[in-house]
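Notes follow once the structure below has been shown.
Excluded from the calculations below are hydrogen atoms, water molecules and symmetry mates; all remaining heavy atoms, backbone and side chain alike, are included.
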Amino acid sequence: MSALTLVECPRDAMQGWAHFIPTEKKISYLNQLLKVGFDVLDFGSFVSAKAIPQLADTAEVVRRLDMSNTRTKLLAIIANTRGAEEAVQYDEISYLGFPFSISETFQLRNTNKTIAESLKQVEEIQQLCIAHNKKLVIYISMGFGNPYGDAYNAETAIGWFRKLNGMGIDIIAMADTVGVANPETIDYIYRNLIPEFPSVEIGAHFHSTSATWEEKVQTAYDAGCLRFDSSLKGIGGCPMAEDELVGNIATENILQWAERKNIPLSLDKEAFAQAMLMSSEVFI
């Protein structure tokens with residue numbers, strides 16, 4: 001049985017939090033998460049402070065993370081080439097994550113660029129990543145549908161995946177940005193993508209209600225997906241999506257699900273328990 005790749009997303013949890021989380025508190029929390037043993041920590045973003053004021057301190061935070069005794073790699077979200085130019089300067093960061101929406105409406109709302117303009121950004125960011133020994137992670141946002149009435153079908157989503165992979169991107173996550181994915185679409189997409197792209201790391205970044213998270217994870221896993229994003233206590237979501245009903249899948253639920261299914265995980269349970277306690281002090 002293959003092990004999962006777990007991506008913990010405190011950045012996603014923090015970005016929409018109502019009041020500013022002090023920098024020192026962020027650093028302590030992230031350093032605790034680094035002790036748990038997640039594969040990837042989506043820790044911050046290099047985006048406009050006006051758009052996401054909560055993460056305006058990412059540059060200071062990354063310099064003070066303790067990477068000396070962790071197997072976890074850092075991922076920073078960027079929304080344009082300018083942000084990528086800043087992010088690639090940090091040796092601590094291994095991955096740059098770019099949200100590429102296949103909904104024109106949402107791409108404009110999220111990055112203030114059209115899909116065509118965003119494709120150009122992907123090309124530029126990919127070249128920056130290659131030049132600085134980073135990996136670009138693309139999130140196909142609104143990958144399972146959208147609430148805006150923009151045209152969508154699963155074949156179109158798969159087509160965008162092919163196009164992005166053709167640009168040299170080999171880590172791509174399908175993102176259910178507003179929690180609209182249903183098991184049939186999830187199953188269809190992953191059962192088509194995974195056999196076609198055996199050398200691509202294909203992920204799932206699901207937003208969900210508390211009632212539907214497990215069927216989404218189980219369906220994707222049964223179809224061959226092994227990379228999952230989540231956040232402690234399910235906190236967070238996309239502030240640009242303006243939907244308070246859905247949030248991230250709770251990491252503790254993923255861990256309990258994996259244990260029930262006898263899926264091997266290599267995490268420090270004591271460090272995780274401590275992180276859970278700290279999360280109550282961070283998100284207050």
Side-chain angles (χ1 to χ4, degrees), residues 8-30 41-65 74-90 92-93 95-126 128-129 132 134 136-142 146-148 150 173 175 177-179 205 207 229 231 235-248 282-284:
E8 177 63 25
C9 301
R11 181 272 319 166
D12 212 352
M14 292 177 183
Q15 66 181 6
W17 204 247
H19 64 269
F20 186 76
I21 300 168
T23 301
E24 293 293 336
K25 190 171 283 190
K26 286 188 182 112
I27 292 166
S28 296
Y29 182 51
L30 293 169
L41 190 67
D42 176 355
F43 81 99
S45 65
F46 292 89
V47 300
S48 165
K50 183 178 179 181
I52 309 290
Q54 183 65 255
L55 299 174
D57 57 357
T58 292
E60 180 180 354
V61 167
V62 69
R63 287 193 291 264
R64 296 174 58 193
L65 295 182
L74 296 181
L75 181 149
I77 293 293
I78 45 88
N80 51 38
T81 304
R82 183 212 58 78
E85 288 171 342
E86 185 175 0
V88 296
Q89 302 305 315
Y90 295 90
E92 299 90 342
I93 296 173
Y95 302 109
L96 272 60
F98 181 80
F100 182 89
S101 178
I102 58 176
S103 156
E104 190 84 62
T105 301
F106 187 68
Q107 193 67 8
L108 284 165
R109 290 178 63 169
N110 200 32
T111 67
N112 200 32
K113 288 183 171 55
T114 65
I115 290 176
E117 290 169 335
S118 296
L119 275 175
K120 179 65 175 173
Q121 296 272 282
V122 171
E123 291 178 1
E124 294 171 354
I125 295 166
Q126 172 71 344
L128 279 167
C129 286
H132 291 84
K134 313 292 186 190
L136 177 55
V137 180
I138 293 289
Y139 291 91
I140 298 185
S141 178
M142 300 292 171
N146 66 81
Y148 308 116
D150 293 345
T177 318
V178 287
H205 184 101
H207 290 178
D229 291 21
S231 74
I235 298 170
C238 181
M240 303 303 178
E242 297 182 359
D243 189 339
E244 297 179 358
L245 299 178
V246 297
N248 285 294
V282 173
F283 301 102
I284 55 176

| field | Sole candidate of T177, D12, D42 that passes side-chain hydrogen bond (donor to acceptor under 3.5 Å, both in side chains) when paired with H205 | value | D12

Which residues pass the side chain to side chain contact (heavy atoms under 4.5 Å, CB included) test with [X], sequence neighbours left out?
X: T23; answer: F20, I27, D57, E60, V61
X: K120; answer: E123, E124
X: V122; answer: F98, F100, L136, I138, L164, M167, I169
X: S45; answer: R11, V47, L55, I77

Return the set of residues passing side chain to side chain donor-acceptor pair (under 3.5 Å) with [X] (not counting sequence neighbours), or none when no residue passes.
X: D150; value: S103, T105
X: E92; value: none
X: Q107; value: T111, S118
X: S101; value: none

What closest approach, in Å, do [X] and [Y] show between heavy atoms, and which atom pair accounts for it?
X: A13; Y: N248; answer: N-ND2, 4.3 Å
X: M142; Y: P147; answer: SD-CD, 4.0 Å
X: A84; Y: I78; answer: N-CG2, 3.7 Å

Sequence neighbours excluded, which residues qualify as salt bridge (Lys or Arg N to Asp or Glu O under 4.0 Å) partners of [X]?
X: D229; value: none
X: E117; value: none
X: E85; value: none

Pairwise distance [atom1]([X]) to [atom2]([Y]) - rounded to 0.5 angstrom:
X: I21; Y: Q15; atom1: CD1; atom2: CD; result: 11.0 Å
X: K26; Y: M14; atom1: NZ; atom2: CE; result: 6.5 Å
X: K134; Y: I125; atom1: NZ; atom2: CD1; result: 14.5 Å
X: L75; Y: L96; atom1: CG; atom2: CG; result: 7.5 Å
X: E86; Y: L128; atom1: CD; atom2: CG; result: 12.5 Å

| said: Please check this pair: side chain of H207 against backbone of G179, looking for a donor-acceptor N/O pair closer than 3.5 Å. | reply: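 Side chain of H207 to backbone of G179: no pair is present.
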
| field | Residues forming a ring pair (Phe, Tyr, Trp, His ring centres under 6.0 Å) with Y90, sequence neighbours excluded | value | F46

| message | A side-chain contact here means heavy atoms from C-beta on lying under 4.5 Å apart; do V282 and W17 qualify? | response | no

| task | Please assess I284 against K25 for the test side-chain contact (heavy atoms from CB on, under 4.5 Å), listing each intermediate value before the final yes or no. | result | CA-CA 12 Å; I284 55 176; K25 190 171 283 190; 4.2 Å; yes

| Between F283 and Y29, what is the ring plane arrangement, given parallel below 30°, perpendicular above 60°, and tilted in between? | perpendicular

| CA sep, side-chain torsions, deciding dist, call: I93, F43, side-chain contact (heavy atoms from CB on, under 4.5 Å) | CA-CA 10 Å; I93 296 173; F43 81 99; 4.0 Å; yes

